[in-house]
Structure formats: structure tokens, C-alpha cells
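Following: one structure in C-alpha cells, then a few remarks.
Lettering of chains follows the sequences in order, A, B, ..., and the numbering in each one begins at 1.
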Number of protein chains: 2
Amino acid sequence: MNNSVSIKDIAKKFKCAPSTISRALNDHPAINIETRKTIQEYALKVGYQKNTLSLSLLNNCSMTLGLILPSITHYHESSILEGMEEILLKSGYLLNICVSNESHTIEKEYIDRLLANRVDGLFISMAQESYDQQLGEHIDLVIQRSLPVIFIDRPNHGVASDRVVTDDYQGAFMATQHLIDMGCQRIAHLHGPSGISVSQQRFLGFQDCLLANGRQVEGDLIQYVHFSAESAIQATRNLMQSAHKPDAIFGVNDEVCIAAMFVLREMGVSVPHDVAIVGFDDIPLASFVHPPLSSVSRQSRRIGEEAAKLFLSKKDQKLDPMTISLDPKLIIRESSLRT
Amino acid sequence: MNNSVSIKDIAKKFKCAPSTISRALNDHPAINIETRKTIQEYALKVGYQKNTLSLSLLNNCSMTLGLILPSITHYHESSILEGMEEILLKSGYLLNICVSNESHTIEKEYIDRLLANRVDGLFISMAQESYDQQLGEHIDLVIQRSLPVIFIDRPNHGVASDRVVTDDYQGAFMATQHLIDMGCQRIAHLHGPSGISVSQQRFLGFQDCLLANGRQVEGDLIQYVHFSAESAIQATRNLMQSAHKPDAIFGVNDEVCIAAMFVLREMGVSVPHDVAIVGFDDIPLASFVHPPLSSVSRQSRRIGEEAAKLFLSKKDQKLDPMTISLDPKLIIRESSLRT
DNA sequence: GCCTCAATTGCAAACGTTTGCGTAAAATAT
DNA sequence: ATATTTTACGCAAACGTTTGCAATTGAGGC
């Protein structure tokens with residue numbers, strides 16, 4: 001069944017000790033240069049491949065990391081993964097990917113498996129269930145074992161921890177201010193799932209910007225959605241059917257905004273003339289929908305890169321918990337441009 | 001640095017042999033029921049976590065699989081991953097994710113690492129570089145070690161192997177036939193990167209459908225693009241600036257079609273009236289662009305599920321190489337509906 | 001011929017866990 | 001009281017690799 005050849009096998013062929021083979025393959029100078037070459041050539045020929053598992057066991061270091069995400073199908077999440085991969089590739093690590101599907105149970109299960117496999121570190125964006133119910137003990141346990149844990153996007157409650165995030169608050173503030181600058185009077189918000197940090201921060205930035213401009217958040221201009229386009233359909237209809245129609249919408253992400261634009265078009269409402277729109281994430285298609293969607297870019301790929309770099313530096317030296325907050329950029333396109 | 005407690009540590013506390021602890025934790029009946037409980041409670045208290053690495057070494061089975069993809073940011077790829085995860089979660093496996101970025105060098109490097117970590121199986125969608133240059137030896141080597149390898153989307157050249165794919169040919173045929181049925185006379189194709197199976201199959205389906213309807217592929221109606229929206233901008237302009245303008249476009253994926261619609265709108269060309277459009281993949285946003293995009297759905301998530309299931313069944317019993325081909329579904333929306 | 005030194009290679013332990021087999025003690029049967 | 005079974009646990013090997021230390025060999029100096 002398994003054809004893999006071990007150092008012991010090679011040792012038998014050469015009638016010598018495994019230690020000699022090991023040294024020869026690692027080019028140890030104590031081994032005769034010709035012996036080395038012969039052994040190396042033979043190893044190549046028979047396709048010897050080092051078994052890292054034994055080393056992991058010996059050195060207590062598996063060169064493997066874990067990444068737990070609530071989902072992976074959104075551009076933001078998969079970009080994080082790609083950024084992370086790019087850095088880790090150079091450093092010799094492998095990445096275990098785990099999709100929690102926002103479930104606390106699954107998240108716990110994955111953490112168990114990752115710990116059992118002795119990953120050297122853990123990147124995690126907490127499941128909504130864990131976050132809502134403040135179920136962080138399973139993660140605290142990990143941290144207590146002095147295993148590096150780096151939070152992505154969604155922080156752990158209370159506990160000081162390493163984090164890489166975009167400043168969602170600032171991004172939302174910028175987006176809202178832009179809509180105000182465009183002369184919008186009644187700015188609605190498609191609010192993400194409650195309990196999730198990202199939703200909360202974006203709402204807060206939205207709210208504080210209104211207050212800073214001497215306005216109030218009006219309850220009937222807030223509609224809750226999930227992160228999917230579908231969920232924004234009814235929400236947008238609700239907004240437009242109320243007595244107090246909005247003349248702008250700030251959405252929790254681009255998908256819900258594109259869905260909103262779809263509904264507005266159906267209703268004969270013009271974007272940006274009647275309703276201006278700004279989204280969040282700046283997905284690649286944002287430039288190509290009609291009208292092109294203004295959006296807050298959160299440098300998704302860089303989040304992954306920075307998280308990976310943070311792990312690498314924490315591995316080398318003991319550092320206090322830190323938060324890396326990336327600046328969002330407002331990309332203005334037609335959907336919010338009023339002349 | 002490492003706080004993890006081992007069976008040996010527990011054995012010392014209880015002044016007994018490690019084997020006793022092992023058996024107690026595994027609820028072996030040979031161990032006194034009360035001893036068992038005491039040990040189990042203690043293990044729980046000190047947070048004992050089984051070290052799977054030692055077992056992997058012992059049993060030659062790591063309960064870890066590898067997934068190598070050219071990229072992960074497209075909906076199709078991340079959906080495959082999610083489908084795979086769902087099945088593997090139940091079976092106790094972990095998944096190592098590797099993004100080759102279409103590079104042969106990186107792909108080889110990742111395969112090396114995965115082999116060194118003794119993954120129990122490998123899912124791979126070959127990098128374009130490997131595919132173009134017929135560089136498959138690194139993968140053949142893996143198969144020779146009787147390590148299960150399952151190809152996703154892009155098959156290995158020649159060699160009989162396990163595959164899970166969508167029938168791209170059939171999907172393209174259906175899409176083209178639909179455009180013909182809608183009365184389109186000059187159907188253009190935004191052709192994906194050459195050398196990639198997916199591009200080739202879709203072109204072949206397109207071509208054969210034209211032939212089956214007594215038509216020919218016309219060279220100036222074929223434009224090459226990458227899988228990104230950006231790459232379709234110029235390609236679409238080229239199509240529309242030629243003397244022989246198309247009245248329909250079949251695109252290699254939805255992104256290029258949405259970009260094409262963007263260009264057509266700029267040029268004042270009406271979709272579907274002047275140009276009908278059908279894409280491929282049926283990404284979630286396809287329903288929400290204007291006009292809603294007709295597209296061939298390829299059940300991305302199911303590809304991942306079937307691949308995972310195929311691995312599980314191959315693990316249990318020796319099976320001949322097989323190809324699982326999933327039927328594509330044509331989803332007709334406004335972008336191709338001519339009345 | 002003896003001592004020293006360098007050049008090579010081997011030995012054994014270690015990482016954490018499981019498991020077949022052996023063994024001691026206790027319980028039961030005769 | 002002896003023989004037999006049952007109960008409960010320990011021993012040691014195994015997985016593959018590295019590494020400090022010991023050991024062997026040969027050459028060279030005297």
C-alpha cells in the first residue's frame with residue numbers, strides 16, 4: 001500500500017547506520033564526501049522523501065498553521081487566504097483551512113483537530129455563534145497553551161489578543177461622509193448580521209458620522225441583512241416602501257448593494273440621481289456593474305499578508321499582543337456621484 | 001514554551017505505565033472502571049490533548065489531505081473548497097490548502113511539502129504552467145507511490161486518473177444552442193486562456209454546436225481573455241469594432257460577461273436586443289446585474305463534495321480510475337432572452 | 001613500535017502513542 | 001488447600017528522524 005522509503009531502508013541497502021544516512025542526506029561534513037554523493041544519488045533514485053512527521057514529533061514544531069474562517073466564498077475571505085499563502089510559502093509552512101460555517105460546534109471541533117495535529121499557530125475569524133454567545137473559552141484554552149493565536153477581522157471578546165483588522169469604523173465613516181458631501185439627506189443603512197464585529201463597527205462609523213454632521217440615525221432607515229445579495233432584496237423594498245424614503249444607501253458589503261441596485265432599477269429609481277449608493281469590500285466586479293459601485297476597499301489580501309507576517313515575528317521574539325489595523329480606502333465611482 | 005501534557009506526564013503522576021493511561025483514555029475494558037474515570041477526569045482537568053502526529057507516524061495515516069488550486073478567489077474554486085470541507089469534516093480529516101498561482105514551480109514545492117507531511121491524499125487542479133508544458137511527472141510520481149490523487153476540473157495529460165469535472169463541453173454546447181434558438185446569427189466567444197482544459201472544452205462545445213447547426217466558427221468572432229473581468233474589456237471592444245459585429249457573446253465565465261456588458265452599455269449596445277449574452281459558472285451576482293446574466297451552472301460545491309466522497313470510497317476499496325462528470329445546467333435569464 | 005590526531009561511522013536516546021504479550025494478584029472452582 | 005480462571009496492569013517494540021557522544025580506523029610523527 002505504502003511505497004515510501006525510509007532512512008532505515010536506505011541504511012540496510014548500504015549496510016550502515018541510519019544516522020549515517022541522515023547525515024549524508026543533510027550534507028554533514030563528518031561524512032565522506034563520496035559516501036555522501038552515493039547516498040544522495042541513491043535517495044534521489046528511489047524517491048526518498050523526508051518524513052516531516054517524525055521531526056515534528058521530535059522538535060515539537062510541525063511547520064503547519066491553522067486558519068479558521070466562517071466561510072470562504074466571499075472575495076474578502078479568499079483574498080485573505082491568498083495573501084497568507086504568499087507569505088507562508090516562502091517560510092516553509094503549510095496551512096490547514098477550516099470553514100466553520102458560523103457554527104460554534106464546528107469551530108470547536110476544528111480547533112480540537114488542529115491542536116491534536118500540533119499546529120504551530122492559529123488564525124481565526126470567529127464564528128458568529130461563538131461571538132454572539134461570547135463563547136470564547138475554547139480559544140482562550142488555546143492561548144493558554146502559549147500557542148500563537150491571531151484574530152482576523154473579528155476580535156475575541158475582552159481578552160487582549162493579536163489582531164489584524166481593517167478599520168471598519170473609519171471606512172464606514174468615510175463612506176457616510178462622502179454621501180453627505182454629495183448632498184444626500186436621508187441615508188439608509190443595510191446593516192449586517194448583528195453580533196458580528198464587522199457589522200457593528202460599520203454601523204457605529206455610519207452613526208457617528210451622522211451625529212458629527214448634526215444628524216440622527218432614523219430607525220426606519222436601518223434594515224438588517226445577511227452578507228448575501230438575496231437578503232438585501234426585501235430589505236431594499238422595505239426601505240423604498242416606507243413613507244420616509246432614503247436618497248442614499250450605505251450597505252454593509254458590495255453584494256447587498258448590487259442587489260439593492262437591482263431592486264431600485266426594478267422600481268424605476270435612478271442611481272445615483274434618486275438614490276446614491278456606497279458599498280464595502282470593493283469586490284472586483286464593483287467596477288463593472290451599472291452604475292459602477294462606489295465602495296470602501298479594505299485591502300483584503302494585505303490582511304492575510306500582515307497576519308502571516310505577524311505570526312512569523314511573534315515566533316521569533318516574544319511580543320505583547322498587538323492590533324494591526326489597516327486603513328480602508330474609499331473608491332468613488334458613479335453609484336454615489338451626484339453632480 | 002510548550003505547555004502540552006503527554007501520556008507519559010500523566011503516567012508519572014499516577015505512578016503507572018503509559019500504556020495504562022493510553023488504555024484508560026481510550027476506555028479499554030481491561031482497565032478498572034474507576035481507574036479509568038479518575039484518569040479521564042485528570043486528563044480533562046489538565047487539558048490533555050492527544051498528539052496525532054505520533055499516531056500518524058505509527059499508523060502511516062495522517063488524516064490530512066492536500067488541495068492544490070491555481071487560485072481561490074473565484075466563486076467556483078472557493079465553493080469547491082466548501083463542499084469538500086463539509087464532507088471531510090464528518091470523516092475527521094483536515095485539509096491543507098495550497099494556492100499555486102498557476103506556477104509550476106510553486107506547485108512542485110507544495111507537492112513536496114504535502115508528501116513530506118504524509119498527506120493521505122491529494123486533490124489537484126493543475127497549474128496552467130504545468131498543464132501547458134505537459135509537466136506532469138511530479139504528479140505521476142505521487143500516483144506511483146499509490147497515494148490517491150484526484151484531479152479537479154483540469155485532468156492530467158494522458159494518464160488514467162481519478163477526476164471530478166463538470167461537462168464543460170456539454171455546458172458550452174447548451175449555451176450556444178440556446179443562443180442559436182434565440183435567433184442569434186453571429187455568435188462570438190470570449191475564449192479562456194489556451195492550454196487550460198476548461199477553456200478548450202468550452203470552445204469545443206461552442207464550435208461543435210455551431211457545426212451541428214450548419215455554421216462555422218469565424219476567426220474574428222473569437223477573442224482570448226483571462227478569467228478576470230479586466231481582461232474582457234479590450235476583447236469586447238475588439239469584437240464590436242470589427243466589421244463583422246456579433247449579435248451574441250458566449251463567455252468563458254461570468255466575470256468576463258459582466259465586463260462585456262459593461263463595455264456594451266458604454267457603446268450604447270442593448271443587451272439582449274442587439275447582443276445576447278450567456279456566461280459560465282452562475283456566480284451569485286449573475287442574477288443581480290443588469291440585465292440578469294444567463295449562465296451555465298456547474299455545481300461547484302458538488303464538485304468538492306464528490307471529490308471528497310470519491311477519496312473516501314477509494315480509501316476503503318481498491319477502485320479503478322474513474323471520472324465523475326457533473327451535468328451543467330443552463331440558467332436562462334434576461335441577458336439572452338429575445339422575444 | 002608507540003602515541004597522537006584526524007577522519008569516519010555507529011550507538012542510543014528522544015519525541016508520543018498504541019498494542020500484543022507476559023505477569024502478578026485476586027477471585028473462583030474443584 | 002490446590003488448580004484454574006479472571007482481573008488489572010507493565011514491558012517493550014514500533015513509527016522515522018536527529019544528534020551528542022563513543023568507537024573504530026588509518027595516517028603521521030617520534
Side-chain angles (χ1 to χ4, degrees), chain A residues 1-40 43 46-64 92 112-113 115-120 145, chain B residues 1-40 43 46-64 92 112-113 115-120 145:
Chain A
M1 174 71 186
N2 193 302
N3 298 342
S4 72
V5 44
S6 77
I7 274 193
K8 287 186 182 178
D9 297 331
I10 304 184
K12 278 175 194 162
K13 278 273 186 257
F14 283 87
K15 295 187 198 302
C16 69
S19 50
T20 305
I21 307 294
S22 170
R23 279 186 261 254
L25 294 178
N26 292 329
D27 252 335
H28 196 289
I31 304 294
N32 189 323
I33 180 74
E34 298 195 6
T35 318
R36 257 185 273 169
K37 280 191 181 174
T38 319
I39 294 179
Q40 285 170 10
V46 298
Y48 167 78
Q49 191 109 26
K50 178 183 303 203
N51 187 331
T52 310
L53 295 176
S54 65
L55 282 181
S56 306
L57 196 56
L58 197 58
N59 304 330
N60 215 20
C61 165
S62 65
M63 293 300 280
T64 296
D112 264 4
R113 283 189 206 171
L115 286 181
N117 273 51
R118 294 299 189 266
V119 290
D120 293 335
R145 293 186 193 217
Chain B
M1 175 72 185
N2 192 303
N3 297 341
S4 74
V5 44
S6 77
I7 275 194
K8 287 186 181 177
D9 298 330
I10 304 184
K12 279 175 194 163
K13 277 273 187 262
F14 283 86
K15 297 186 197 301
C16 69
S19 51
T20 305
I21 307 294
S22 170
R23 278 186 260 252
L25 294 178
N26 291 328
D27 253 334
H28 197 289
I31 304 296
N32 189 323
I33 180 75
E34 297 195 6
T35 318
R36 257 186 272 170
K37 279 190 181 174
T38 319
I39 293 179
Q40 285 170 9
V46 297
Y48 167 79
Q49 191 108 27
K50 176 184 305 203
N51 187 332
T52 310
L53 295 175
S54 65
L55 281 181
S56 306
L57 197 56
L58 196 59
N59 303 331
N60 215 19
C61 164
S62 65
M63 293 301 279
T64 296
D112 264 5
R113 282 189 206 170
L115 287 181
N117 272 53
R118 294 299 189 269
V119 290
D120 293 336
R145 293 184 194 220

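- Distance alone, capped at 3.5 Å, places no donor-acceptor pair between the A:Asn59 side chain and the A:Cys61 backbone.
- Taking 4.0 angstrom as the limit, A:Ser54 places none of its side-chain polar atoms (N or O) nearer than this to OP1 or OP2 of D:dC15.
- Judged by distance alone, with hydrogens and angles left aside, B:Arg23 brings a side-chain donor or acceptor within reach of the base of D:dG10, the pair sitting under 3.5 Å.
- For D:dT17, neither phosphate oxygen OP1 nor OP2 lies less than 4.0 angstrom from any side-chain nitrogen or oxygen of A:Ser22.
- Proximity of a side-chain donor or acceptor of B:Arg36 to a complementary backbone N or O of B:Ile31 within less than 3.5 Å is detected.
- Distance B:His28 NE2 to C:dT17 P: 17 Å, rounded to the nearest Å.
- Distance, A:Asn59 CG to D:dG16 P: 17 Å, rounded to whole Å.
- Atom-to-atom, CD1 of A:Ile33 to P of C:dT8 comes out at 10 Å; the value is rounded to the nearest Å.
- Closest contact between the side chain of B:Asn32 and the listed nucleotides D:dT17, D:dA8, C:dT8 involves D:dA8.
- At whole-Å resolution of the value, CG in A:Asn60 and C1' in D:dG16 are 16 Å apart.
- Contact annotation: B:Ser19 does not reach the phosphate of C:dT17 (side-chain N/O to OP1 or OP2, under 4.0 Å).
- Minimum atom distance to the side chain of B:Leu58 is reached by C:dT18, of the listed C:dT18, D:dG16, C:dT9.
- Of the candidates D:dT17, C:dT8, D:dT19, D:dT17 carries the atom nearest the A:Asn51 side chain, counting heavy atoms from C-beta on.
- The distance from atom NE2 of A:His28 to atom OG1 of A:Thr20, rounded to the nearest 0.5 Å, is 11.0 Å.
- Rounded to an integer number of Å, the gap from B:Glu34 CD to D:dT7 P is 15 Å.
- Under 4.0 angstrom from either OP1 or OP2 of C:dA14 there lies no side-chain N or O belonging to B:Lys8.
- For B:Ile31, counting side-chain heavy atoms from C-beta on, the closest listed nucleotide (D:dC9, C:dG10, D:dG16) is D:dC9.
- Taking atom CG of B:Leu53 as the reference point, atom C1' of C:dA14 lies 15 Å away to the nearest angstrom.
- Heavy atoms of A:Thr35 sit under 4.0 angstrom from primed sugar atoms or phosphate atoms, though from no base atom.
- In this structure, B:Ile21 places its CD1 atom 11 Å from P of C:dT18, rounding to the nearest Å.
- Of the side-chain N and O atoms in B:Asn26, one or more sit less than 4.0 angstrom from OP1 or OP2 of C:dT18.
- Distance from the side chain of A:Cys16 is smallest for C:dG10 among the nucleotides C:dG10, C:dT18, D:dT18.
- A:Ser56 places a side-chain N or O within 3.5 Å of a backbone atom of A:Thr52 that can act as its donor or acceptor partner.
- Between the CZ atom of B:Arg145 and the CD atom of A:Gln49 there is a distance of 5.0 Å, given to the nearest 0.5 Å.
- Within the 4.0 angstrom heavy-atom criterion, only backbone atoms of the sugar-phosphate kind lie near A:Tyr48; the bases stay farther away.
- Residue A:Ile39 holds its CD1 atom at 9.5 Å from CD1 of A:Ile7, rounded to the nearest 0.5 Å.
- Atom CD1 in A:Ile39 sits roughly 13 Å away from atom C1' in C:dG10 (whole-Å rounding).
- With C:dG10, C:dC15, D:dT18 as the choices, the nucleotide that has an atom nearest any side-chain atom of A:Thr20 turns out to be C:dG10.
- Between C:dT9, C:dG16, D:dT17, one nucleotide has an atom nearer to the side chain of A:Leu55 than all others, and that is D:dT17.
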